[in-house]
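This report concerns only the one structure given below.
In this text the structure is predicted, and so the values were computed from the model without any measurement. Values below: all heavy atoms of this structure, side chains included; hydrogens, waters and symmetry mates excluded. Numbers for residues simply follow the sequence, beginning at 1.
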Amino acid sequence: MSHETPDRALTTALAEAAAMAGHAPSVHNTQPWRWRVLPDALELHVVRERQLSAADPEGRLVTLSCGAALHHARVALAAEGWAFVVERISDPGDPELLARLTGLKRAEADPDAMHTVQCMQVRHTDRRPVSDEPVPTPAVDDITKAAAAEGARLQILNADQVMDLAAAASRAGSVEAEDPQLREELAYWTSRPGTGTGLPPEVLPEQAPQTTVPGRDFGRPGILPVGQGHDRTAVYGLLFGDEDERDSWLRAGEALSAAWLTATRLGVSMVPLSGVVEVEGTRQSLRQVLTGMGYPYLVLRMGLADPAHAGPPHTPRLPTEQVVDTSAVRSAGG
Ligand SMILES: Cc1cc2nc3c(=O)[nH]c(=O)nc-3n(C[C@H](O)[C@H](O)[C@H](O)COP(=O)(O)O)c2cc1C
């Protein structure tokens, strides 16, 4: 490790990229990440206290969420004109360390990344039914390609597979509603006003929207008006890959971010559905939907948002100081 005065432009860029990654989606808005800015690298650590111990004991969703944040930080750095190497880390001696961006060098600012950074600031989860207008096929293709470029696959489900998914999601909903620990965990993350984490009532539907595949029952009504729409035109995709372990979950999170930001750019609304992956039995049903092609990570609903109504407000975030640790560069700089 170098003891020289850190390059201010570099450490500022790293801190800003880490702050920008705060816009990333995370399960129940847990934001389970912590960034460490070093003189010559940026480290991503998972925060186990914000992992869902009841819904996600194996760490699939917490790692997916961190992967989404990693992709956000990568894009933010590329947009500012930095080239770097991504090390995805699995160190039993430091299990919280997930990734390191290193080997940073000045490069041309990437215009595509600059556009994607703008999408980070407008992307959000809109749980209302989608409009009656179908998602254009080229848009679905672009979203699928964006996921594939990050090493995960997005299988678009046909009508029969959507019915199988609907049955599995309904089963998962019943299992979760009957589990007191899961109910308690959900109640915790839906009643955290003023903390910058969790889901405020403004982003949760005031009543269950009419959908082919049931969305998550958050256990309490929100105040987001949902209207009478039925998302018949919604497209359902299953994000999956070859392995069911930490490195592939991290990459799947990066793929989720890439797919969702592409969707945002194309005006397509996306909602992840993770209940069906949280419950062991229904996760196995999804494996059958994939006919053995791989392991399911997350279900994604895509559609065009109803243009007649304003979408939900943005879900709050933790203050940057709580997620970005710059102490190593402050002390090294004197
Ligand atoms: C791994 C993962 C799983 C999620 N699962 C669900 C879900 O089952 N239902 C849902 O409505 N939203 C789900 N979300 C969306 C989050 O609740 C949302 O990203 C978070 O509250 C932040 O809000 P934003 O996306 O509007 O910025 C999930 C997000 C991620 C990253």
Distance-only check: which donor-acceptor pairs under 3.5 Å involve side-chain atoms of residues 145-159, not counting sequence neighbours?
from   : atom 1 : to     : atom 2 : distance (Å)
Glu150 : OE1    : Arg74  : NH1    : 2.8
Glu150 : OE1    : Arg74  : NH2    : 3.4
Glu150 : OE2    : Arg74  : NH2    : 3.1
Arg153 : NH2    : Asp242 : OD1    : 2.3
Asn158 : OD1    : Asp160 : N      : 3.1
Asn158 : OD1    : Gln161 : N      : 2.8

Can you list, pair by pair, the side-chain donor-acceptor contacts under 3.5 Å of residues 61-69, counting residues two or more places apart and other chains?
from  : atom 1 : to    : atom 2 : distance (Å)
Thr63 : OG1    : Gly59 : O      : 2.5
Ser65 : OG     : Val27 : N      : 3.1
Ser65 : OG     : Leu61 : O      : 2.8

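A salt bridge between Asp247 and Arg251 is present, with a side-chain N of the basic residue lying under 4.0 Å from a carboxylate O of the acidic one. The residues Arg283 and Glu58 are annotated as salt-bridged, a charged nitrogen and a carboxylate oxygen being separated by less than 4.0 angstrom. Using a 4.0 Å cut-off between charged side-chain N and carboxylate O, Arg34 and Asp325 make a salt bridge.
Screening residues 293-303 for salt bridge (Lys or Arg N to Asp or Glu O under 4.0 Å) gives Asp231-Arg301 as the qualifying pairs, with residues at least two apart or on separate chains. Sorted by first and then second residue, the ring pair (Phe, Tyr, Trp, His ring centres under 6.0 Å) pairs involving residues 87-107 (not counting sequence neighbours) form an empty list. Applying the side chain to side chain donor-acceptor pair (under 3.5 Å) rule to pairs touching residues 14-28 yields nothing, sequence neighbours excluded. Applying the salt bridge (Lys or Arg N to Asp or Glu O under 4.0 Å) test to every pair with at least one member in residues 166-190, sequence neighbours left out, gives these pairs: Glu176-Arg216. Note on residues 95-145: pairs passing ring pair (Phe, Tyr, Trp, His ring centres under 6.0 Å), not counting sequence neighbours, are His124-His314.
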Could you give me the CA-CA distance, side-chain angles and deciding distance for Glu245 and Ser248, then say whether side-chain hydrogen bond (donor to acceptor under 3.5 Å, both in side chains) is met? CA-CA 6 Å; Glu245 42 78 43; Ser248 39; 3.2 Å; yes
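Annotation: Glu80, atom CD; neighbour count of heavy atoms from other residues, nucleotides and ligands within 6.0 Å does not exceed 12. For CD of Glu108, the number of neighbouring non-hydrogen atoms (other residues, nucleotides, ligands) closer than 6.0 Å is 12 at most. Summarising the local packing, CD of Gln181 is surrounded by 12 or fewer heavy atoms from other residues, nucleotides or ligands at distances under 6.0 Å. Surrounding CD of Glu202 are more than 12 heavy atoms belonging to other residues, nucleotides or ligands, all under 6.0 Å away. Sparse packing is recorded around OH of Tyr295, with 12 or fewer heavy atoms of other residues, nucleotides or ligands lying under 6.0 Å away. Residue Met293 places its CE atom among more than 12 non-hydrogen atoms of other residues, nucleotides or ligands, all under 6.0 Å distant.
For Trp249, the side-chain hydrogen bond (donor to acceptor under 3.5 Å, both in side chains) test picks out Asp244, with sequence neighbours left out. Under the side-chain hydrogen bond (donor to acceptor under 3.5 Å, both in side chains) criterion, Thr291 pairs with no residue, sequence neighbours left out. Partners of Gln284 according to the side-chain hydrogen bond (donor to acceptor under 3.5 Å, both in side chains) rule, which considers only residues two or more places apart in sequence or in another chain, are Glu280.
Both Val299 and Val213 belong to a common hydrophobic cluster when Ile, Leu, Val, Met, Phe, Trp and Tyr are linked at side-chain heavy-atom distances under 4.5 angstrom.
Membership of the apolar cluster around Val279 extends to Val175, as traced through chained side-chain contacts below 4.5 Å between ILVMFWY residues. Through side-chain heavy atoms spaced under 4.5 Å, either directly or across other Ile, Leu, Val, Met, Phe, Trp or Tyr residues, Val203 is tied to Leu186, Leu199, Leu204, Phe218.
Asp40 contributes atom CG, which lies 11.5 Å from atom CG of Leu101 (distance to the nearest 0.5 angstrom). If you take CD on Gln322 and CZ on Arg317, they are separated by 14.0 Å, rounding to the nearest 0.5 Å.
With contacts defined as side-chain heavy-atom distances shorter than 4.5 Å, the pair Phe84/Leu77 qualifies. Using a 4.5 Å heavy-atom threshold, the side chains of Trp35 and Leu42 count as touching.
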